[in-house]
Amino acid sequence: MALHRTLANHGSQQHMRQLSRFFLRYLSGDSIRDGFVGMVGRTPLLKLNKLSEATGCTIAVKAEFANGGGSVKDRAALFLIKDAIEKGQLKPGGTVVEGTAGNTGIGLAHICNAMGFKCVIYMPDTQSKEKIDLLRSLGADVRPVPAVAFTDPNNYNHQAMRFADSIDNAVWTNQFDNTANKRAHIETTGPEIWQQTDGKVDAVVFGTGTGGTLAGVATYLKEKNNKIQAYLADPQGSVLYNYIKHGKLERSEGSSITEGIGQGRITENLKGAPIDDAFLVTDKEAVEWTFRLLHEEGFFVGASSGLNVAGAIQAARLMGPGHTIVTCLCDTGQRYYAKLFSRKVLQGKGVLDAVPEAYRAALND
């Protein structure tokens, strides 16, 4: 059934049944996937060969850049829109509004194009130019605003909420506190990891911004086997490491080159998540593994992926050889090319020496 016909029946029980079938069809395992939305999820699980050999563990990564919009956030974007439609908050031709550091907005923009919605994105003006340019190319109305704390009424999330409230047929998808985000990973990422490892996964490790990925995956997998360990990998300047380790919302020292992860509060998606432990990952570790992933494993990814892998290494050291540890490669390095792969920027951030010397020749000036 065509999407416009499904949405036209909005509000009726028949519509809800049609909507459920619509999304189940998009998320099914059919060999021919149904449009852009059919490209969300079912990403490959890939073994990092050299790193697995070095640690004695099987370290595997979900290739989340293989989602249609190029990042793990496509999953949350789809379920945020799905949730708004199911609740009657979004009707045909409506507007999706979000506050995002980039990747969720990119996923939303793609899906809005595919499903006939408008997309408005508020984001901190500290984010990479590549993400802002891409969002605009995708047709989103992008509104960069000064980066201020969540407690400030001018935080980009609060501005997104106020704008959505000011116009008709609009929804603020609220990725941080709308638990449809976590639901995406309970219903897709967690089951995929379980199936792809034949239930033999011992631990998962994820950096966290909204909390949806780690909370959702951990919730699903621990229902399957409560012995599976869930670890949070946290960048410098975030409160989450100290919260998990010591129960205190205290920021770790420094600030991070990574984008979209780390947090200053406990989101609704993260509340109550069954997390066993946390690892603090420095920028130098995240940068080092970003470049090792490229030059030693072949993956061109961003710093959040480097952080995830650095966290997986800490898990391997903690657990010992013989375990299967899963994390994800969040997106591609192209989204951070001017920043993360710049000799000048890395030097200015004090992390140039984290790039193995043999790989520095590939940096742009």
Side-chain angles (χ1 to χ4, degrees), residues 41 43-67 71-73 75-76 103 184-185 188-197 200-222 228-235 238 240-241 244 258-262 270 273-282 285-294 296-319 323-333:
T43 57
L45 182 66
L46 309 171
K47 180 181 177 181
L48 297 180
N49 292 316
K50 292 182 180 178
L51 190 52
S52 295
E53 183 179 354
T55 60
C57 288
T58 295
I59 295 183
V61 291
K62 287 286 280 177
E64 291 300 290
F65 52 78
N67 285 298
S71 86
V72 64
K73 292 296 188 178
R75 297 178 187 262
N103 278 335
H185 300 284
T188 70
T189 321
E192 289 171 28
I193 291 172
W194 181 258
Q195 292 162 9
Q196 289 169 321
T197 61
K200 296 176 182 177
V201 55
D202 296 299
V204 291
V205 185
F206 296 104
T208 291
T210 65
T213 304
L214 178 61
V217 170
T219 297
Y220 178 85
L221 290 179
K222 281 181 175 289
I228 296 171
Q229 299 294 289
Y231 298 118
L232 188 155
D234 210 32
S238 172
L240 299 179
Y241 172 79
I244 298 298
T258 60
E259 296 183 15
I261 54 173
L270 197 58
I275 299 169
D276 295 289
D277 204 349
F279 305 125
L280 183 63
V281 178
T282 67
E285 291 172 310
V287 168
E288 176 186 355
W289 282 102
T290 300
F291 282 86
R292 288 195 181 279
L293 282 167
L294 174 58
E296 297 173 14
E297 302 280 357
F299 296 105
F300 182 43
V301 294
S304 57
S305 300
L307 177 139
N308 277 346
V309 170
I313 293 168
Q314 292 196 44
R317 290 170 179 162
L318 178 65
M319 299 180 76
H323 294 91
T324 296
I325 299 167
V326 176
T327 185
C328 78
L329 303 183
C330 307
D331 58 11
T332 73

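Any value given below was found using the heavy atoms of this structure, including those in side chains, with hydrogens, waters and symmetry copies removed.
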Exercise for the section: Find the distance between CZ (Phe279) and CD1 (Ile313) and round it off to the nearest 0.5 Å. Expected result: 11.0 Å

Problem - Under 3.5 Å donor-acceptor, Asp331 side chain and Phe65 backbone - result: no

Practice task
Under the salt bridge (Lys or Arg N to Asp or Glu O under 4.0 Å) rule, collect the residues that match up with Glu53, sequence neighbours excluded.
Solution key: none

Problem - Main-chain N/O of Ala278 paired to Gln314 side chain as donor or acceptor, under 3.5 Å - result: no

Problem - Heavy-atom check, side chain of Val72 versus side chain of Asn103, under 4.5 Å - result: no

Practice task
Could you tell me whether a side-chain N or O of Thr43 sits under 3.5 Å from a main-chain N or O of Glu64, the two making a donor and an acceptor?
Solution key: no

Exercise for the section: Without swapping roles, check the side chain of Asp202 against the backbone of Thr324 for a donor-acceptor pair under 3.5 Å. Expected result: yes

Problem - Whether Asp276 side chain and Ala230 backbone form a donor-acceptor pair below 3.5 Å - result: yes

Fill in the blank from the handout: Output for pair (Leu48 CG, Ile59 CD1), nearest 0.5 Å, gives 7.0 Å

Practice task
Find out whether Pro274 and Thr219 are in side-chain contact, i.e. whether some heavy atom of one side chain is under 4.5 Å from a heavy atom of the other.
Solution key: yes

Practice task
Under the side-chain contact (heavy atoms from CB on, under 4.5 Å) rule, what do Leu318 and Asp277 come out as? Steps first, then yes or no, please.
Solution key: CA-CA 11 Å; Leu318 178 65; Asp277 204 349; 4.2 Å; yes

Practice task
With sequence neighbours excluded, tell me which residues meet salt bridge (Lys or Arg N to Asp or Glu O under 4.0 Å) with Glu192.
Solution key: Lys62, Arg75

